[in-house]
Amino acid sequence: MEDKKTNGRFLAVTLLNALITVFEFVGGILSGSLALLSDAFHNFGDALSVILSYVAHRIGQRLPNSSNTYGYRRIEILTALLNSALLIGVSLFLLIEAIRRFFHPQVVAGGIMFWVALISFLANSLATLLLNRDAKHNLNIRATYLHLLSDALASIGVIISAILIFFFRLYRIDPLMTVIVSIYIAYESWPIIRQTLKILMEGSPILDYDKIKADLLSLPEVTGVHHFHAWQIDENQTVVSLHLNLKDISLSQTEKIYDQVETILKNKYQISHVTIQAECNRGKDEKLFFTEKNTK
């Protein structure tokens with residue numbers, strides 16, 4: 001049910017962005033405003049972003065199979081990376097164009113610019129509210145949410161610029177506002193790029209590994225922990241594999257230890273999936289994190 005609601009919000013946001021894009025393109029051409037045209041290009045990118053995010057979200061809901069035993073959630077991470085990289089690329093392009101126009105200012109129709117920007121701000125704000133809830137627990141949707149939020153903020157900048165242009169003929173404020181918004185968008189996009197790259201590079205999630213080891217060694221039958229690996233499928237799913245040294249106990253007793261270990265890791269450290277290899281003395285003296293031995 002929640003996925004259906006999310007899909008419905010995606011559709012509504014896509015339609016809103018398409019309308020805003022056409023509206024701002026026409027308004028930007030009529031007013032001669034670079035800030036408005038840049039916002040239109042940005043909205044066009046957002047429309048593509050929302051479509052990509054929607055497709056990725058649907059694919060990510062597929063169940064694991066023989067081709068992808070961990071499922072398809074990684075596609076949402078790839079899409080978040082693509083969307084954020086696109087944002088930075090657009091920001092750099094607009095930054096260069098704004099600097100050029102700052103030294104060669106053009107006359108801008110402040111009245112048209114104001115009303116187009118105001119309507120765009122209201123539409124972007126509505127789109128942002130539609131995805132606000134889902135953005136809190138999904139990196140892919142968060143990247144799209146950031147697109148929409150940056151659009152709403154850009155529209156505020158365009159509104160302020162339009163007022164200054166209309167009353168004071170300060171035409172250089174148009175490219176100046178474009179510079180400010182472009183820098184802000186790039187600044188907000190970078191953390192998402194950094195987080196997605198860490199996930200794709202199998203970077204270790206932030207966990208208290210010493211505490212985990214201590215918790216596992218506190219179990220009566222556990223004598224050692226080594227070859228510990230942790231990685232993320234997406235920002236919500238952490239996977240762990242480890243080797244446990246156990247006393248010489250029966251298989252049925254080993255299964256009980258497995259259940260205890262899984263309970264500790266899932267409840268205390270929010271680890272989604274645990275793979276355990278039981279050993280008696282093998283590797284008992286090795287460190288928690290595996291280091292391949294020199295075979296030369």
Side-chain angles (χ1 to χ4, degrees), residues 13-50 83-132 135 142-192:
V13 168
T14 301
L15 293 175
L16 269 175
N17 266 271
L19 290 173
I20 296 169
T21 300
V22 174
F23 188 63
E24 287 193 326
F25 265 125
V26 174
I29 292 171
L30 292 177
S31 66
S33 168
L34 176 63
L36 205 52
L37 282 173
S38 68
D39 206 26
F41 275 111
H42 192 196
N43 270 301
F44 178 71
D46 287 349
L48 293 178
S49 169
V50 172
N83 280 337
S84 299
L86 179 64
L87 265 177
I88 289 183
V90 171
S91 298
L92 290 175
F93 170 77
L94 295 176
L95 187 63
I96 294 171
E97 181 62 21
I99 293 173
R100 186 190 66 80
R101 185 173 284 199
F102 185 81
F103 293 103
H104 302 88
Q106 299 180 15
V107 175
V108 177
I112 296 175
M113 182 180 172
F114 172 82
W115 289 111
V116 172
L118 180 61
I119 294 172
S120 297
F121 168 72
L122 295 175
N124 278 317
S125 297
L126 176 59
T128 301
L129 289 173
L130 286 172
L131 290 186
N132 180 58
R142 195 180 311 158
T144 304
Y145 171 81
L146 179 58
H147 271 273
L148 301 172
L149 179 61
S150 64
D151 275 340
L153 294 174
S155 295
I156 293 176
V158 176
I159 291 171
I160 295 172
S161 298
I163 293 172
L164 293 175
I165 289 171
F166 185 80
F167 288 104
F168 303 104
R169 301 292 186 268
L170 297 176
Y171 297 119
R172 279 192 172 88
I173 196 67
D174 183 53
L176 179 61
M177 190 59 67
T178 303
V179 169
I180 293 172
V181 172
S182 297
I183 292 174
Y184 171 78
I185 292 170
Y187 174 79
E188 289 295 322
S189 299
W190 178 246
I192 293 180

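Note: hydrogens, waters and symmetry copies are ignored here, and every other heavy atom, side chains too, is used.
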*Are side-chain heavy atoms of V22 and F25 found at a separation under 4.5 Å?*
no
*Find out whether L176 and I173 are in side-chain contact, i.e. whether some heavy atom of one side chain is under 4.5 Å from a heavy atom of the other.*
yes
Of the non-hydrogen atoms in [X] and [Y], which two are nearest, and what is the gap between them?
{"X": "A98", "Y": "V179", "answer": "CB-CG2, 3.6 Å"}
{"X": "G110", "Y": "A162", "answer": "O-CB, 3.5 Å"}
{"X": "A117", "Y": "S155", "answer": "O-CB, 3.8 Å"}
{"X": "G27", "Y": "V116", "answer": "CA-CG2, 3.9 Å"}

*Has F166 got more than 12 heavy atoms of other residues, nucleotides or ligands less than 6.0 Å from its CZ?*
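Check fails, neighbour count at 12 or below.
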Would you give the length of the straight line joining atom [atom1] of [X] to atom [atom2] of [Y], rounded to the nearest 0.5 angstrom?
{"X": "F121", "Y": "I159", "atom1": "CZ", "atom2": "CD1", "answer": "6.0 Å"}
{"X": "F102", "Y": "Y171", "atom1": "CZ", "atom2": "OH", "answer": "15.5 Å"}
{"X": "I163", "Y": "L118", "atom1": "CD1", "atom2": "CG", "answer": "9.0 Å"}
{"X": "L129", "Y": "N124", "atom1": "CG", "atom2": "CG", "answer": "11.0 Å"}
{"X": "R172", "Y": "I165", "atom1": "CZ", "atom2": "CD1", "answer": "12.0 Å"}
{"X": "D174", "Y": "S31", "atom1": "CG", "atom2": "OG", "answer": "8.0 Å"}

*Look only at the side chain of R101 and the backbone of P175, and say whether a donor-acceptor pair between them is shorter than 3.5 Å.*
no
*Going through the distances and angles, do V108 and M113 end up as a side chain to side chain contact (heavy atoms under 4.5 Å, CB included)?*
CA-CA 8 Å; V108 177; M113 182 180 172; 3.6 Å; yes
*Checking side chain to side chain contact (heavy atoms under 4.5 Å, CB included) for the pair R100/I96: CA distance, chi angles, key distance, verdict?*
CA-CA 6 Å; R100 186 190 66 80; I96 294 171; 5.8 Å; no
*With sequence neighbours left out, what residues match W190 under side-chain contact (heavy atoms from CB on, under 4.5 Å)?*
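Scan of W190 (side-chain contact (heavy atoms from CB on, under 4.5 Å), adjacent residues dropped) gives I88, I193, R194.
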